[in-house]
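Everything on this sheet refers to the single structure shown next.
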Amino acid sequence: MPTTRTNATGAIITGWGSALPERIVTNDDLAATLDTTDEWITTRTGIRERRIGGSTTELSVASARRALEIAGRSPEDIDALVLATTTPDRLVPASSAGVQAQLGLSCGAFDINAACSGFVYALVTGHGLIALGAERVLVIGTDTLSRITDWDDRGTAPLFADGSAAVVLESAANGGQLLGWDLDADGSAEHFLYAELGGFIQMDGKEVFRRAVRIMVDSAQKSLSHAGISADDLALVVPHQANIRIIEAACERLGVTMDRTAITIDRTGNTSSASIPLALAEALDQGRVRYGDHILLVGFGAGMTAASAVLRWGGQDHD
Ligand code: UT7
């Protein structure tokens, strides 16, 4: 059972940052070329607008610079870079290579593709590297889904968008923040959501919706159980931003009221690997998280992956 080993070195997040493309595409903009309406998109998904543009490398560099600045760290302080992305700029090398070079890091760098669960996969991996002796790990979640979205398909075009967010993870003597985690996948369901090389995203929206609620709740409950806390103890849930109705249904089943969730979907759409860290960074910028708070990150995605993590902000022994 994946519990956090108490004799391993823990970690805490010391910096965070976001980067969104400048170009805003509203629902009305989409309705100008697609058989859809602002009313349909808003009521069925919760999305009002999204940001489109940039490359995975550019957005990652921008969000990472901000995270390093808040952490007060220089590129030479970083021991490893983990970039979660489903939309690398090229097949080879990994996009983390370009990000590493542009940031001026001198450390190992690699990509993780776990679709919309990617950031939580990368965050857990970052904690693992710190447990093995790394001091500081830069964890980024970035996607430029607009490049693999068919803008003539009203079933997917209103949903997907571009963005990036990053965190700096540092080793902590106080037991670290990660109380429980869960990484899951069901590859037999991959045909419900996929894109062939060079192709566009194909999705059975209804089936993904049905599974999403179930697997998010299952994963969250596993992490809460490993952490030894209940949903009542959570100050904030940071869910994957795919559809507000999925978030509402999952939170209702978990027994978490919507005022305890971080929501950005109305302005960002579904940014896949960037969605959870973007919502986390916004909540942190808004001062919604206090030391000692319990936070649940939970996502699902193609693969079909699911991932969650329970954090105690500031570390286990933080007052
Ligand atoms: O990161 C994971 C990625 N994917 C997801 O999380 C997607 C999960 N699924 C969903 O979010 C939803 O299933 C969608 C938003 C994709 C679709 O919402 P829905 O409530 O499941 O709609 P539906 O597919 O059942 O379609 C209802 C109606 C249909 O018309 P009829 O058959 O009732 O006449 C669709 O043809 O809405 C129609 N429709 C649209 N109408 C206007 C489908 N897309 C649109 C559209 N604008 N964009």
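Because the structure is predicted, anything quoted here is derived from the model rather than measured. In each ligand, atom 1 is the first atom listed, and ligand 1 is the first ligand listed. All residue numbers in this chain count up from 1 along the given sequence.
Within a 4.0 Å radius of atom 41 (N) of ligand 1, the protein has at least one heavy atom. Protein non-hydrogen atoms do not reach within 4.0 Å of atom 31 (P) of ligand 1.
Scanning all protein heavy atoms for the shortest distance to atom 24 (O) of ligand 1 gives K206 CG, 4.3 Å. Counting only heavy atoms of the protein, atom 7 (C) of ligand 1 lies nearest to M203 SD, 3.6 Å. The shortest contact between atom 9 (N) of ligand 1 and any protein heavy atom is with G205 O, 2.9 Å. In terms of protein heavy atoms, atom 3 (C) of ligand 1 is closest to N270 ND2, 3.5 Å. Among all non-hydrogen protein atoms, the one lying nearest atom 6 (O) of ligand 1 is A242 CB, 3.3 Å. The closest protein non-hydrogen atom to atom 39 (N) of ligand 1 is W40 CZ2, 3.5 Å. Of all protein heavy atoms, the one closest to atom 11 (O) of ligand 1 is N243 ND2, 2.7 Å. The nearest heavy-atom contact from the protein to atom 20 (O) of ligand 1 is R44 NH1, 2.8 Å.
In the vicinity of T36, heavy-atom distances shorter than 4.0 Å reach the ligand 1 atoms 42 (C), 46 (C), 47 (N), 48 (N).
Look at P158 and you'll find a heavy atom under 4.0 Å from some atom of ligand 1.
Side-chain atoms of S219 and D182 include a donor-acceptor pair closer than 3.5 Å. Checking D143 against S273 by side-chain atom types alone, a donor-acceptor pair falls below 3.5 Å. In summary, the side chains of T144 and T56 do present a donor paired with an acceptor at a separation below 3.5 Å, with no hydrogens or angles considered.
Comparing R210, R154, E39 against atom 35 (C) of ligand 1, the shortest heavy-atom distance belongs to R154.
Of all the heavy atoms of I246, the ones lying under 4.0 Å from any atom of ligand 1 belong exclusively to the side chain.
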